[in-house]
Structure formats: structure tokens, C-alpha cells
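To start, the structure under review is shown below, and the notes come after it.
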Number of protein chains: 2
Amino acid sequence: MKTHTESEENYIKALYHLGGDQPVSNGDLAQRIGAKGSSVTQAVKRLGQKDLVNVVPYKGVQLTQQGIRLAKSILRKHRLWETFLVDKLGFGWDEVHPLAEQLEHIQSEELVDRLFKFLGSPKHDPHGDPIPERDGQMPPVLGQPIGAFTTGAEIRIVRVEDAGTEFFDQLETMNINLGNTYEIRAISAFDSSVELGSSTGSFWLSQSMCANIYAIQS
Amino acid sequence: MKTHTESEENYIKALYHLGGDQPVSNGDLAQRIGAKGSSVTQAVKRLGQKDLVNVVPYKGVQLTQQGIRLAKSILRKHRLWETFLVDKLGFGWDEVHPLAEQLEHIQSEELVDRLFKFLGSPKHDPHGDPIPERDGQMPPVLGQPIGAFTTGAEIRIVRVEDAGTEFFDQLETMNINLGNTYEIRAISAFDSSVELGSSTGSFWLSQSMCANIYAIQS
DNA sequence: CTTTTATTTTAGGCAAAGCTAAAAATTATT
DNA sequence: AATAATTTTTAGCTTTGCCTAAAATAAAAG
Ligand SMILES: [Mn+2]
Ligand SMILES: [Mn+2]
Ligand SMILES: [Mn+2]
Ligand SMILES: [Mn+2]
């Protein structure tokens with residue numbers, strides 16, 4: 001197991017996010033990384049020499065098996081650290097991402113294993129995203145958008161999209177958290193907003209809020 | 001509060017370790033960092049431009065007030081993370097230093113504050129070294145070398161020097177830990193080794209072991 | 001099937017951080 | 001005080017990682 005720079009790891013993670021095992025265009029990667037295309041061309045050339053990606057000039061970049069393995073291990077660390085920050089240190093789920101962006105680059109298998117156990121061997125992070133296992137297996141991606149249910153359904157919130165600070169703020173002010181259960185009271189034929197009900201009352205959720213909140217039938 | 005590179009922070013920490021607020025020679029710094037003198041000359045020039053150090057060519061480098069503040073904040077993080085790794089994740093005290101060397105560079109005041117509280121506002125790290133306070137104040141440096149006590153004294157181990165893996169291994173096999181209490185049974189006039197006694201028996205400690213173990217009268 | 005537009009790569013620069021080898025300054029020794 | 005030994009600095013090179021501007025290629029439009 002060689003050791004990689006933070007920049008390299010960020011490229012690998014971006015590639016995994018954008019394409020999984022499929023090719024990704026130079027432009028998309030540049031956008032995601034926040035660098036210019038020319039920098040990306042260079043960077044992926046370096047990654048190619050380390051057999052982390054296959055590069056076809058003008059066509060796209062694709063993670064190798066080795067690259068995918070690395071991507072998952074970084075994602076595992078990212079999501080474990082987010083879990084630590086929320087569960088143990090009491091951070092809000094909107095605050096943890098930038099911190100995990102740093103912590104995910106700490107290198108130590110031993111540390112990851114111990115952290116995992118310390119957190120109670122979690123399968124999902126504070127946003128409900130699956131935490132890759134040691135061996136690279138992925139737990140299920142949970143839930144479907146709230147808008148996909150029908151009136152009368154009893155649902156439990158299991159995942160939220162990372163849709164920016166304002167979205168998380170809105171969740172907070174509406175007191176919506178993972179694990180909350182609601183009944184679908186109504187779905188507006190006009191604007192697709194949804195009325196959720198619980199023991200404490202009911203409220204309406206806009207379509208764009210609903211699109212970023214995932215639930216399962218409970 | 002600007003943000004610093006890992007390399008910069010390591011230079012600052014090395015300067016604090018070697019000289020505190022006093023000047024440090026290029027050679028000593030190079031040795032500590034593990035780089036060549038020429039690289040160090042360049043590096044401290046950069047630090048000088050950021051007002052973290054004062055450089056007098058051919059004479060030495062000295063931390064500024066700002067540099068000292070930074071050094072302490074890094075040391076605080078280093079020791080808090082070591083405490084976390086030992087107290088919460090169950091690492092051995094010989095394993096944590098290299099990990100803390102990475103974790104100390106994570107930037108977030110909020111994280112440090114929360115970690116500090118989570119750990120129970122500790123004043124000393126797992127080796128007994130003082131953890132700088134938020135404001136830069138230093139808790140006392142505890143204890144004196146075991147060889148400094150006289151026969152009959154009741155002592156409690158409060159600190160150990162970082163004298164390498166073999167030293168820590170020896171501590172482990174002898175089951176010596178912070179907080180342990182002993183009676184000084186004898187001090188050899190021949191080789192300055194010390195006989196320590198407890199309820200479970202007694203044993204001899206070599207002079208070089210004693211020199212790296214610090215205790216207080218209890 | 002050209003021509004225009006958009007994307008990607010090349011070429012040339014720059015800063016951080018390291019290296020080696022040579023020059024300069026300091027310190028130690030006759 | 002002069003010379004020898006040690007330490008420090010300069011000069012010149014390397015790699016990573018990012019930039020801008022220009023050239024090359026691919027994709028879209030006419
Ligand atoms: Mn995240
Ligand atoms: Mn990252
Ligand atoms: Mn340490
Ligand atoms: Mn460090």
C-alpha cells in the first residue's frame with residue numbers, strides 16, 4: 001500500500017463520485033475539483049502512471065480496480081469521521097462535511113478499524129449515506145424521495161441529500177431529523193408539495209425539499 | 001488567522017521544541033526536521049516573511065510571539081488527539097505519536113474545543129505531558145526522575161519521556177503505567193538502579209529506565 | 001461536408017519544498 | 001594572527017500542483 005497525496009486522493013474521490021467505474025470527462029472533473037482543465041490533464045496523467053486510472057486522451061478518465069478500492073477506502077474514512085463528529089462530538093450534520101474532507105486523508109488502517117468499532121460498527125453516516133465496509137462492500141443506499149410515496153403511507157426519514165447549507169438550515173428549523181416518522185397526509189396536485197403528519201401536528205413540505213429527503217415505508 | 005501548510009507547522013513545532021522562545025541553530029533544526037541545511041535556510045526565510053520567526057543569518061532562528069502562539073496551538077492539538085487515541089480508541093501510548101503527528105494539522109478551532117470537552121478537559125496527555133490551554137497557558141510539567149527520590153519515599157508515576165519504542169515496550173512488559181504507585185525500597189550504590197516495591201512484589205529498574213520515568217511523592 | 005463552437009491538450013510560468021555541490025562565513029586550532 | 005574545520009548560505013535542479021494563453025482535436029450547426 002503506497003501512500004498518496006491529498007490532491008491525488010481528492011481526484012480519486014471526485015472520479016468515484018462522478019462516474020463510479022465509468023469514464024469521466026476532463027471538464028466534469030475540473031468542475032468538481034475546482035481547478036482548470038489543464039491542471040486536471042496533468043493530474044490524471046500522474047494518476048495514470050500509478051495505475052489508479054486509465055486515461056484515453058480527449059475521451060475521458062476511468063478508475064482502475066485499484067483506484068476504486070482507494071476511492072472506497074477514502075469514502076469509508078470520510079463517513080466514519082462524519083459519524084464521529086456528529087455522534088460523539090455533537091456537531092450538526094451541516095458542519096461536518098468540510099471537517100471530514102480533512103480527516104479522510106489521515107493514513108492508518110488501524111485507526112479506521114478502531115474508530116469503526118468505537119462508533120458501534122455503523123452501516124450509514126449521519127446523512128444516511130452508506131459507509132463502505134473494510135472489504136469494499138457497500139451497504140444498501142436507503143430510501144426513496146418523499147414525493148414518491150402515496151397518501152396514507154407511514155414513512156421514516158433515512159437519508160438526506162447534501163444540498164447545501166440553506167437546505168440543512170431548513171431541515172433544522174423544521175426539526176426534521178433522520179429516524180423521524182410521519183404519515184403522508186396529502187400531496188398537492190398543484191405544486192407537488194407534501195403534507196406530513198405526526199403526533200405533534202402536521203406541516204407542508206415543498207417539492208424541492210421533498211426531492212432531497214429520502215424515506216422508507218415503516 | 002491565516003492557514004499554514006503542514007511543513008510550516010512542523011518547522012514551528014520543531015523550533016518550539018528545540019528552543020522555546022530562544023534562537024535555534026540551522027543545524028539543530030535541520031536535524032530535528034530531517035532535512036538538509038539548505039532546505040531549512042529556505043524554509044525559515046518563508047516563515048520569516050509570515051512573521052512567524054525572526055531570522056539572523058548565520059546566527060539562528062527564533063519564534064516570534066505569533067510563532068509561539070501557533071506552536072502551542074499545534075501542541076495542544078497533538079496532545080489532545082493522543083489523549084483521544086489512548087482514552088477512547090484504546091491505542092497503546094507507544095503507537096499514538098505518529099498518528100497525532102498527522103492529526104495535529106487538522107484545522108478547526110471548533111473541533112479542538114469540542115474534542116477537549118469530550119475528553120473531559122484534560123490537563124495532561126497520556127504520557128503526562130501538559131496540554132496547552134486554549135489561551136496558551138501551560139499546565140505544570142509534572143514530576144521528577146525516579147532516581148531523584150530517596151529510599152522509603154512513596155511515589156506515583158505521572159510522566160514518561162518519549163524515549164523510543166524499545167523504552168515503551170519495556171514499560172509495557174514491566175506493566176508500568178501512569179498512576180501506578182510504588183515505594184522506593186533501595187537505590188544501588190553500584191549502578192544507580194532503583195528497587196521499586198508495591199503490594200504485588202518488587203523489582204529493579206535500571207538507571208536509564210529511571211531517568212525517563214517521572215514521579216511525584218504521594 | 002464544411003464551418004463554427006466547445007473541449008482538451010500543450011507550452012510556458014510560478015510557488016512550495018525538497019535535494020546536491022560550491023561558495024562564504026563563522027568557529028576552533030595551532 | 002593565520003590556518004583548518006565546521007556551519008550556513010547560494011546556486012542550480014527536481015517534483016507536485018496549480019495557473020494562463022495558444023494550439024489541436026472533437027462535436028455541433030449550417
Ligand atoms: Mn460528507
Ligand atoms: Mn478531501
Ligand atoms: Mn507525541
Ligand atoms: Mn506534524
Side-chain angles (χ1 to χ4, degrees), chain A residues 2-19 22-63 67 70-71 74 101-102 104-107, chain B residues 1-15 18-19 22-63 66-67 70-71 74 101-102 104-107:
Chain A
K2 240 172 257 74
T3 167
H4 312 96
T5 68
E6 210 158 306
S7 171
E8 280 174 348
E9 292 194 346
N10 285 337
Y11 274 95
I12 294 297
K13 214 178 48 141
L15 282 167
Y16 185 76
H17 178 91
L18 292 172
Q22 292 305 112
V24 171
S25 78
N26 190 294
D28 288 355
L29 187 51
Q31 166 118 60
R32 173 92 190 166
I33 290 282
K36 293 302 158 76
S38 53
S39 306
V40 170
T41 304
Q42 265 194 144
V44 297
K45 208 174 290 175
R46 285 193 300 267
L47 293 174
Q49 286 171 335
K50 301 192 177 184
D51 289 311
L52 292 169
V53 300
N54 289 127
V55 189
V56 182
Y58 290 104
K59 285 295 156 188
V61 200
Q62 192 171 18
L63 287 170
L70 177 55
I74 300 165
E101 207 63 38
Q102 297 183 60
E104 70 190 359
H105 303 291
I106 301 290
Q107 328 233 220
Chain B
M1 287 278 160
K2 240 173 259 72
T3 166
H4 312 95
T5 68
E6 210 159 306
S7 171
E8 280 175 348
E9 291 193 347
N10 284 337
Y11 274 97
I12 294 298
K13 215 178 47 144
L15 282 167
L18 292 171
Q22 293 304 112
V24 171
S25 79
N26 189 294
D28 288 355
L29 187 51
Q31 165 118 64
R32 174 92 191 165
I33 291 282
K36 291 302 157 71
S38 53
S39 305
V40 170
T41 304
Q42 264 194 145
V44 297
K45 208 174 289 175
R46 284 193 300 267
L47 294 174
Q49 286 170 335
K50 301 192 177 185
D51 288 313
L52 292 168
V53 301
N54 289 128
V55 188
V56 182
Y58 290 104
K59 285 295 155 189
V61 200
Q62 192 171 17
L63 288 170
Q66 212 196 120
L70 176 56
I74 301 165
E101 207 64 38
Q102 297 183 59
E104 70 190 0
H105 303 292
I106 303 289
Q107 328 231 225

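Chain letters run A, B, ... following the sequence lines, proteins first and then strands; every chain starts at 1.
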- Query: To the nearest 0.5 Å, how far apart are NE2 in A:His105 and CD in B:Gln102?
  - Reply: 11.5 Å
- Query: For B:Glu101, which residues count as a salt bridge (charged side-chain N to carboxylate O under 4.0 Å, His left out) partner, sequence neighbours excluded?
  - Reply: B:Lys13
- Not counting sequence neighbours, which residues clear salt bridge (charged side-chain N to carboxylate O under 4.0 Å, His left out) with A:Lys50? List them please. A:Glu8
Please give me the minimum heavy-atom distance between [X] and [Y], naming the atom from each residue.
| X | Y | answer |
| --- | --- | --- |
| B:Leu63 | B:Ala71 | CD1-CB, 4.5 Å |
| B:His4 | B:Gln107 | O-OE1, 3.5 Å |
| B:Glu104 | B:Asn10 | OE2-OD1, 3.5 Å |
| A:Ala35 | A:Tyr11 | CB-OH, 4.3 Å |
| B:Gly67 | B:Ile12 | O-CG2, 3.5 Å |

- Query: Does a side-chain heavy-atom distance below 4.5 Å link B:Arg32 with B:Val24?
  - Reply: no
- Query: Could you state the CG-P distance from B:Asn10 to C:dA16, rounded to the nearest angstrom?
  - Reply: 17 Å
Tabulated below should be each protein N or O lying under 3.5 Å from an N or O of nucleotides 13-17 of chain D; please produce it.
{"from": "D:dG17", "atom 1": "OP1", "to": "A:Thr5", "atom 2": "OG1", "distance (Å)": "2.5"}
{"from": "D:dG17", "atom 1": "OP2", "to": "A:Arg46", "atom 2": "NE", "distance (Å)": "3.0"}
{"from": "D:dG17", "atom 1": "OP2", "to": "A:Arg46", "atom 2": "NH2", "distance (Å)": "3.3"}

- Phosphate contact (C:dT9 OP1 or OP2) by A:Thr41 side-chain N/O below 4.0 Å: yes
Tabulate below the donor-acceptor pairs under 3.5 Å that side-chain atoms of residues 40-47 of chain A make, not counting sequence neighbours, or state none.
{"from": "A:Thr41", "atom 1": "OG1", "to": "A:Asn26", "atom 2": "ND2", "distance (Å)": "3.1"}
{"from": "A:Thr41", "atom 1": "OG1", "to": "A:Gly37", "atom 2": "O", "distance (Å)": "3.0"}

- Query: Among residues 24-38 of chain A, which residues get a heavy atom nearer than 4.0 Å to DNA chain C?
  - Reply: A:Ser25, A:Asn26, A:Gly27, A:Gly37, A:Ser38
- Quick tally for nucleotides 22-29 of chain C: nucleotides whose base has a protein heavy atom under 4.0 Å get B, sugar-phosphate-only ones S, the rest -, giving ---SSS--
